[in-house]
There are 2 protein chains.
Amino acid sequence: MPQTGRSGCPINLTLEQLGDRWSLIVIRDVMFGNRRSYGELLAQSEEGIASNILADRLKRLTASGLLTRRPDPKHRQKGIYSLTEAAIQLVPLLAHMGAWGRRHTRSSKELSVRAELLEKGGAPLWNAFMDELRHLHLGAPRPARSVFGELQAAYEKALARRARYAQD
Amino acid sequence: MPQTGRSGCPINLTLEQLGDRWSLIVIRDVMFGNRRSYGELLAQSEEGIASNILADRLKRLTASGLLTRRPDPKHRQKGIYSLTEAAIQLVPLLAHMGAWGRRHTRSSKELSVRAELLEKGGAPLWNAFMDELRHLHLGAPRPARSVFGELQAAYEKALARRARYAQD
DNA sequence: TTCAAGCGCTTGCATAATGCAATTAGTCTG
DNA sequence: CAGACTAATTGCATTATGCAAGCGCTTGAA
């Protein structure tokens, strides 16, 4: 979607940049799934994003300053994508989106675990997560706490609980 | 956009419902502009929404439980649209979207005033605004404070400041 | 060095969505 | 009843999405 500047309202301008089906999904996967390459994002996409849409969005998000791309030293054809500070500051927005979705859509338990923790943790948790993302993506010092690890552990625990339940 | 349920992630499901260019713009205008009819929404659209897109979105948002429509007693052809509780609970999401847009896009000062106040006010202000929206849209008791009035007054003050500046 | 495998896109094509502007259908008032 | 106003709908061109095949690049093994 071209950024047309139909009005100067910040909500409108945000939607001109991110108001499509796929951009925030890509950001989500980089952010919460730590998927940093085209191949990972494509192969592990829960929603089955199409290859041309993924390539297009990565290009756009890079052009508009939400992702950066550097060549992978181990394979120069591959890009390693990182979140910019602007993208990291989308954490509260995505947390709220997850919270709203938990309440108002039919979301799955396991995939909602992160959203639940982020809602419970509130702004202190988001800030800690953003600090960690600055470390993972921007080279900032490693913070003491790994929110990413906590979210991942909770997700895996929910999966294991689900697997055990399916087994019974 | 059809709601395809590509995954059970709450962020994905929210985006399947609201992840297009225009749905949140319509919600924003009902919520912050108190525009309650097709004609108002069309005529006063800052972004110049097309008539077919507006009609389509009103129909969809009504079908998916974010708006309700009742005939205007004064003119039965006209509908009066109201936010549902699910839509009202989008306040924090829109507040964050506005805050992000203020920081990362080239938004206009006057149109950013509401976003600035909502960011400063945080969750207490959002909750007060949601209570007021429940009064305006759902028939709940009128709360003591009018956040809507405060936001509108600040916007008009910024407009007046702008007009005076243009005059000099 | 050559070749094959793997990978990151790109392309071809069909369908769906958007956007502009004109038109139609419904409602009310004089 | 006719005309004005209003809420959509329609016609058409452009753009976006989605599936799947294909192309070009990079690397590692023979």
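Numbers restart at 1 for each chain; the letters A, B, ... are given by sequence-line order, proteins then strands.
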(request) Provide, to the nearest angstrom, the distance between the CD1 atom belonging to A:I53 and the P atom belonging to D:dT15. (result) 16 Å

(message) If I take atom CD in residue B:E47 and atom P in nucleotide C:dT18, what distance separates them, rounded to the nearest angstrom?
(response) 15 Å

(message) In this structure, how many angstroms lie between the C1' atom of D:dA16 and the CG atom of A:D56, rounded?
(response) 9 Å

(message) Over 60° means perpendicular and under 30° means parallel, so tell me whether B:F129 and B:F148 are parallel, tilted or perpendicular.
(response) parallel

(request) Report yes if the side chains of B:R36 and B:S82 come closer than 4.5 Å at any heavy-atom pair, otherwise no. (result) yes

(request) Examine D:dT17: is either OP1 or OP2 under 4.0 Å from a nitrogen or oxygen in the side chain of A:R57? Give yes or no. (result) yes

(message) If I take atom CD1 in residue A:I49 and atom P in nucleotide D:dA20, what distance separates them, rounded to the nearest angstrom?
(response) 16 Å

(message) Whether the side chain of A:S112 engages the backbone of A:A115 through a donor-acceptor N/O pair (distance < 3.5 Å, no angle test) should be reported.
(response) no

(message) On DNA chain C, compare the nucleotides closest to A:G79 and B:A50; which residue's is nearer the 5' end?
(response) A:G79

(request) Side chain of B:Y81 only, please: which of C:dT11, D:dA8, D:dT17 is the nearest? (result) D:dA8

(request) Rounded to the nearest angstrom, tell me the gap between atom CZ in B:R6 and atom C1' in D:dG18. (result) 7 Å

(message) Hydrophobic clusters here meaning ILVMFWY residues chained together by side-chain heavy-atom distances under 4.5 Å, can you tell me if B:F32 and B:I88 are in one?
(response) yes

(message) For residues A:L94 and A:L117: do they belong to one hydrophobic cluster (side chain heavy atoms under 4.5 Å, members Ile, Leu, Val, Met, Phe, Trp, Tyr)?
(response) yes

(message) Across nucleotides 22-30 of chain C, 5' to 3', mark each nucleotide with B, S or - according to how protein heavy atoms within less than 4.0 Å reach it.
(response) B--BBSS--

(request) From the options D:dT17, C:dT11, D:dA7, select the nucleotide whose nearest atom is closest to the side chain of B:Y38. (result) D:dA7

(request) Provide, to the nearest angstrom, the distance between the CG atom belonging to A:N52 and the C1' atom belonging to C:dA14. (result) 13 Å

(message) Counting C-beta onward and ignoring hydrogens, is there a side-chain heavy-atom pair between B:L67 and B:T84 closer than 4.5 Å?
(response) no

(request) Would you please confirm or rule out a distance under 4.0 Å between OP1 or OP2 of D:dA7 and any side-chain N or O of B:K59? (result) no

(message) Side-chain N or O of A:W22 versus OP1/OP2 of D:dA16: is the shortest distance under 4.0 Å?
(response) no

(request) Determine the minimum heavy-atom distance between B:E16 and B:G5, stating which atoms define it. (result) OE1-N, 2.7 Å

(request) Can you tell me the distance, in whole Å, between the CG atom of A:L54 and the C1' atom of D:dA20? (result) 16 Å

(message) Of the listed nucleotides (D:dA7, D:dA20, C:dC9), which one gets closest to any side-chain atom of B:S37?
(response) D:dA7

(request) Please state how far atom CG in B:D20 lies from atom P in C:dG19, giving the value in whole angstrom units. (result) 10 Å

